[in-house]
Amino acid sequence: MKEIDEIIMLYDRDYLEGLTEEEEREYLRIRETENSKAKYGRRNMFLSYPKAARMCNSLFPNNYLDIADLKNHELLRKSKEEFGALIDDPNCNERQILNFINGTKYYNIIGSLLLGLTFNTGHHAAYLFPEFQLGTEYKADYLIVGKGSGGYEFVFIELENPYGNITLKDGQLGKEFRKGISQLEDWRRWLPTGFSSFGEVMRKYKNRSRDLPDEFHRLDLSRFHYIVIAGRRSDFTEKTYVIRREKMKNEDTYILHYDNLVDLADCIIGRNSY
């Protein structure tokens, strides 16, 4: 990853710089084929575009999760297996997980979290922002911006330790989850006063030829969602799952364990979108 000011890019190439001449020619050739071969309307050949064209035409070119990558079954299975091996190490912690995903560019692992939400977003487009700064005080491990039929929605993600004080004997949330939830609550409180600066930051990421949609200018808290991940499946009891359902229903906060993330990373393989 590289940085433009404080903005973290997912890829080594800066797609804000646009297409090369060769990529532009290939893109235009495929677009002509789309129009000429369609009997009714336009044939969609999006996956045949040069990768750079998919990236450069998106709203946030350096943070777009390319859906063509979901068809790379071998790589996605490899990423899931390596991630599973990482979290099976009892010495693994949240910083190692963050470094692993960002260092290997296995962004599909985090992107797969969109499958675990109770609302539909991301199937039109999905963007990932690692270590996203909220003002000067807070930083989310990840922000996913997903577009669905209802427009853009925002998912803040906090990673906590897969081992340690995850849940108590009675199934109540332990230190790791309580710490993560406390951070989510800080972000939730920050949004009403900090939303204007949120929009300013997002403008630095955007495609220079496109305007930010209204969702980035007008605060609608119903578009913001929160995920905290800690522990393993074995840490969850019946009581923990009750708490998880309550948090999801009452606070739009998703309480997940890392085995959920492994399962979702498997489910995303071969899909047509996030």
Side-chain angles (χ1 to χ4, degrees), residues 65 80 83-84 87 94 97-98 101 106-123 126-132 134 138-148 150-168 171-191 198 215 220-268 271 273-274:
L65 291 175
K80 184 204 71 170
F83 179 67
I87 63 171
E94 63 268 32
I97 292 172
L98 189 70
I101 293 171
Y106 289 161
Y107 304 124
N108 55 290
I109 293 172
I110 294 298
S112 72
L113 285 167
L114 292 177
L115 297 181
L117 303 177
T118 57
F119 57 94
N120 292 321
T121 191
H123 51 282
Y127 304 91
L128 181 65
F129 303 88
E131 301 186 69
F132 187 84
L134 294 163
Y138 308 116
K139 181 187 291 184
D141 286 330
Y142 292 100
L143 165 66
I144 299 178
V145 177
K147 184 182 181 184
Y152 288 92
E153 306 206 27
F154 309 91
V155 184
F156 288 110
I157 300 157
E158 177 67 17
L159 304 181
E160 295 296 344
N161 208 313
Y163 299 99
N165 190 333
I166 308 300
T167 56
L168 306 181
Q172 291 284 349
L173 302 181
K175 177 183 175 182
E176 295 297 334
F177 270 124
R178 292 198 303 271
K179 182 175 64 172
I181 291 171
S182 177
Q183 293 185 72
L184 301 185
E185 290 172 347
D186 285 338
W187 305 342
R188 199 193 309 267
R189 284 189 291 266
W190 176 87
L191 276 170
F198 173 82
E215 294 94 308
D220 178 354
L221 290 175
S222 70
R223 294 185 181 276
F224 286 81
H225 317 277
Y226 309 87
I227 298 175
V228 59
I229 308 174
R232 303 297 303 270
R233 181 175 280 117
S234 58
D235 293 307
F236 279 49
T237 69
E238 182 178 349
K239 176 67 174 180
T240 313
Y241 286 110
V242 170
I243 294 170
R244 176 155 84 171
R245 292 191 293 271
E246 291 173 345
K247 289 282 185 185
M248 183 173 61
K249 180 178 180 180
N250 300 327
E251 302 175 25
D252 207 356
T253 295
Y254 291 76
I255 304 295
L256 302 179
H257 49 68
Y258 281 99
D259 294 277
N260 290 139
L261 195 48
V262 173
D263 294 341
L264 292 169
D266 186 56
C267 290
I268 203 73
R271 289 180 64 94
S273 70
Y274 283 92

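From N165, atom CG reaches atom OG1 of T167 across 8.0 Å, with rounding to the nearest 0.5 Å. Taken from CD in E185 to OG1 in T253, the straight-line distance is 7.5 Å, to the nearest 0.5 Å. With values rounded to the nearest 0.5 angstrom, I243 atom CD1 is found 8.5 Å from I181 atom CD1. To the nearest 0.5 Å, atoms CG (D141) and CG (L159) are separated by 4.5 Å. N161 CG to K175 NZ: the interatomic distance, rounded to the nearest 0.5 Å, is 10.0 Å. For the atom pair CZ of R245 and OG1 of T240, the computed distance is 10.5 Å after rounding to the nearest 0.5 Å.
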Checklist entry - Given the rule in the side chain to side chain contact (heavy atoms under 4.5 Å, CB included) test, do I97 and I101 qualify, once you have shown the distances and angles that lead to the verdict? => result CA-CA 6 Å; I97 292 172; I101 293 171; 4.0 Å; yes

Checklist entry - Please walk me through it: do N260 and I229 pass side chain to side chain contact (heavy atoms under 4.5 Å, CB included)? => result CA-CA 9 Å; N260 290 139; I229 308 174; over 6 Å; no

Next on the checklist: Applying side chain to side chain contact (heavy atoms under 4.5 Å, CB included) to L117 and I227, what does each step give before you reach the verdict?
Outcome noted: CA-CA 9 Å; L117 303 177; I227 298 175; 3.9 Å; yes

Checklist entry - Yes or no on ring-ring contact (aromatic ring centres under 6.0 Å, His included) for Y142 and Y107, after CA distance, side-chain angles and deciding distance? => result CA-CA 10 Å; Y142 292 100; Y107 304 124; 7.9 Å; no

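With sequence neighbours left out, D252 forms a salt bridge (Lys or Arg N to Asp or Glu O under 4.0 Å) with no residue at all. By the salt bridge (Lys or Arg N to Asp or Glu O under 4.0 Å) test, R188 is found to be paired with no residue, residues two or more places apart in sequence or in another chain being considered. The ring pair (Phe, Tyr, Trp, His ring centres under 6.0 Å) search around Y106 returns F100, not counting sequence neighbours. A search for salt bridge (Lys or Arg N to Asp or Glu O under 4.0 Å) contacts involving K147 returns nothing, not counting sequence neighbours.
Counting only heavy atoms from C-beta outward, the side chains of K80 and I109 never approach each other to under 4.5 Å. Here the side chains of F83 and L261 are in contact, with some heavy-atom distance below 4.5 Å. Residues L256 and L113 have side chains in contact (heavy-atom distance under 4.5 Å, counting atoms from C-beta outward).
The nearest pair of heavy atoms linking P162 to Y258 is CB-CD1, 3.6 Å. Smallest separation of non-hydrogen atoms from G84 and V262: CA-CG2, 4.4 Å. Of all non-hydrogen atoms in T237 and G171, the two that sit nearest each other are OG1-CA, 3.2 Å. Y226 approaches L184 most closely through the heavy-atom pair CB-CD1, 3.7 Å. Across all non-hydrogen atoms, the minimal contact from R223 to G150 is NH1-O, 3.0 Å.
No donor-acceptor pair closer than 3.5 Å links the side chain of D266 to the backbone N or O of D263. With D235 contributing its side chain and I166 its backbone, the two residues share no donor-acceptor pair below 3.5 Å. Judged purely by atom type and a 3.5 angstrom limit, R178 uses its side chain to pair as donor or acceptor with the backbone of L173.
Applying the side-chain hydrogen bond (donor to acceptor under 3.5 Å, both in side chains) rule to pairs touching residues 150-160 yields E153-H225, E158-Q183, E160-K179, E160-Q183, sequence neighbours excluded. For residues 112-122, every residue pair satisfying the side-chain hydrogen bond (donor to acceptor under 3.5 Å, both in side chains) rule, not counting sequence neighbours, is listed here: T118-Y254.
Taking the six-membered ring where the residue is Trp, Y241 and F236 present tilted rings, their angle falling between 30° and 60°.
Checking Y138, W187, F198 one by one against F132, the ring pair (Phe, Tyr, Trp, His ring centres under 6.0 Å) holds for a single residue, F198.
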